[in-house]
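Quick one: structure below, then a few questions.
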Amino acid sequence: MADEALFLLLHNEMVSGVYKSAEQGEVENGRCITKLENMGFRVGQGLIERFTKDTARFKDELDIMKFICKDFWTTVFKKQIDNLRTNHQGIYVLQDNKFRLLTQMSAGKQYLEHASKYLAFTCGLIRGGLSNLGIKSIVTAEVSSMPACKFQLMR
Amino acid sequence: MGSQWLFTLTYGALVTQLCKDYENDEDVNKQLDKMGYNIGVRLIEDFLARSNVGRCHDFRETADVIAKVAFKMYLGITPSITNWSPAGDEFSLILENNPLVDFVELPDNHSSLIYSNLLCGVLRGALEMVQMAVEAKFVQDTLKGDGVTEIRMRFIRRIEDNLPAGEE
């Protein structure tokens with residue numbers, strides 16, 4: 001989809017931009033991740049506002065998570081989450097085997113350390129979406145092998 | 001629909017963040033232009049692959065392709081082309097509505113901000129990759145109370161050398 005290309009390029013440029021103006025080092029890396037995550041958070045909130053205008057209220061938390069994995073993910077990333085796991089005690093793991101923001105990157109191991117930069121925005125997106133649905137959470141992500149990644153959500 | 005929102009909202013978050021990062025509107029405008037340029041030099045590849053348009057023979061053809069193909073493809077709108085200069089080296093793109101500014105209001109202390117300036121950079125970067133040096137700038141903006149949004153495009157010169165993809 002053409003407009004997806006535009007979003008992907010914008011996202012990549014945002015990641016580059018945030019890191020270009022930063023110095024080296026762990027503290028700075030943390031600040032950059034936070035900036036990206038915060039931007040994602042605002043977008044997630046905004047998206048949910050627009051989506052859920054017409055949909056009925058959700059039955060429960062699992063219902064909300066399914067919505068995130070299906071409708072939300074499809075609208076944003078053109079596919080559903082491939083696998084959702086939970087311990088039914090507030091921890092969820094969302095697995096995307098072909099994450100759109102990573103498919104452009106090489107599958108080599110040397111890019112793994114940079115992958116977190118490309119996941120931060122989406123972590124915020126999920127956190128922001130859930131926040132507008134009344135769920136406070138912490139969202140982190142990890143890549144095991146490109147372009148598959150997991151988003152871990154803690155209530 | 002959804003992906004239009006995604007882009008618009010993400011763009012809004014970016015502009016908001018840049019306004020925090022930079023002291024004044026001029027610097028934000030410059031940064032938006034730079035980022036747009038970097039996007040444009042890559043977007044052109046995607047555009048040429050998707051659209052199958054041939055080489056443009058003059059600036060008028062270029063204008064048509066920009067308005068009727070590119071804008072439609074990426075932003076879902078078709079600006080109108082007006083105000084050609086007698087020499088045929090300048091024209092305006094009139095956007096009745098600008099999808100980037102849905103739900104956006106400029107706060108009072110950002111009167112010099114060119115909110116959609118990314119677009120100017122995109123146009124500049126993309127056209128540079130097809131050997132055209134152009135200037136693009138907003139001359140009217142609905143965010144500032146104008147009736148329409150108008151981007152003025154000016155052809156500077158043809159780029160003869162095959163420069164590698166620039167990055168700023």
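The sequence lines fix the lettering, A, B, ..., with proteins before strands; numbering per chain opens at 1.
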More than 12 heavy atoms from other groups under 6.0 Å of NZ on A/Lys98: no

Reported CG-to-CD distance for the pair B/Asn38 and A/Glu13, which is rounded to 0.5 angstrom: 4.0 Å

Distance, nearest 0.5 Å, that separates CG of A/Leu8 from CZ of B/Arg42: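 So the gap between those two atoms works out to 12.5 Å.
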
Candidate list A/His11, A/Met14, A/Met39, test side chain to side chain contact (heavy atoms under 4.5 Å, CB included), partner B/Thr10, passing option: A/Met14

Interatomic distance, B/Met35 atom CE to A/Leu9 atom CG [nearest 0.5 angstrom]: 11.5 Å

B/Arg157 atom CZ: more than 12 heavy-atom contacts under 6.0 Å: no

Shared hydrophobic cluster, B/Ile156 / B/Phe91 (ILVMFWY, side-chain heavy atoms < 4.5 Å): no

Note, B/Leu9 side chain near A/Gln45 side chain (heavy atom, < 4.5 Å): no

Heavy-atom side-chain proximity of A/Lys35 to B/Asp21 below 4.5 angstrom: yes

Proximal component of A/Phe77, with respect to chain B [non-hydrogen, under 4.5 Å]: neither

Structural part of B/Thr16 lying under 4.5 Å from a heavy atom of chain A: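 Side chain only.
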
Heavy atoms of other groups near B/Lys68 NZ, more than 12 under 6.0 Å: no

B/Leu18 portion near chain A, given a 4.5 angstrom heavy-atom threshold: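 For B/Leu18, no heavy atom lies under 4.5 Å from chain A.
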
NZ/A/Lys70: more than 12 non-hydrogen atoms of other groups inside 6.0 Å: no

Shortest non-hydrogen separation from A/Leu6 to B/Phe7 and the atoms involved: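 Of all heavy-atom pairs spanning A/Leu6 and B/Phe7, the closest is CG-CE1, 3.5 Å.
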
CD/B/Glu61: more than 12 non-hydrogen atoms of other groups inside 6.0 Å: yes

Which pairs would a plain distance check flag for residues 94-103 of chain B, meaning a side-chain donor or acceptor within less than 3.5 Å of a matching protein atom at least two apart in sequence or in another chain?
{"from": "B/Asn98", "atom 1": "OD1", "to": "B/Leu100", "atom 2": "N", "distance (Å)": "3.0"}
{"from": "B/Asn98", "atom 1": "ND2", "to": "B/Ser116", "atom 2": "OG", "distance (Å)": "2.9"}

Euclidean distance, A/Leu10 CG relative to B/Leu14 CG, rounded to 0.5 Å: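 If I round to the nearest 0.5 Å, the distance is 6.0 Å.
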
Check: A/Thr75 and B/Leu6 side chains under 4.5 Å, non-hydrogen atoms: no

side-chain hydrogen bond (donor to acceptor under 3.5 Å, both in side chains) partners of residues 118-129 of chain A, not counting sequence neighbours, each pair once: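 Output for this query lists A/Glu37-A/Arg127.
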
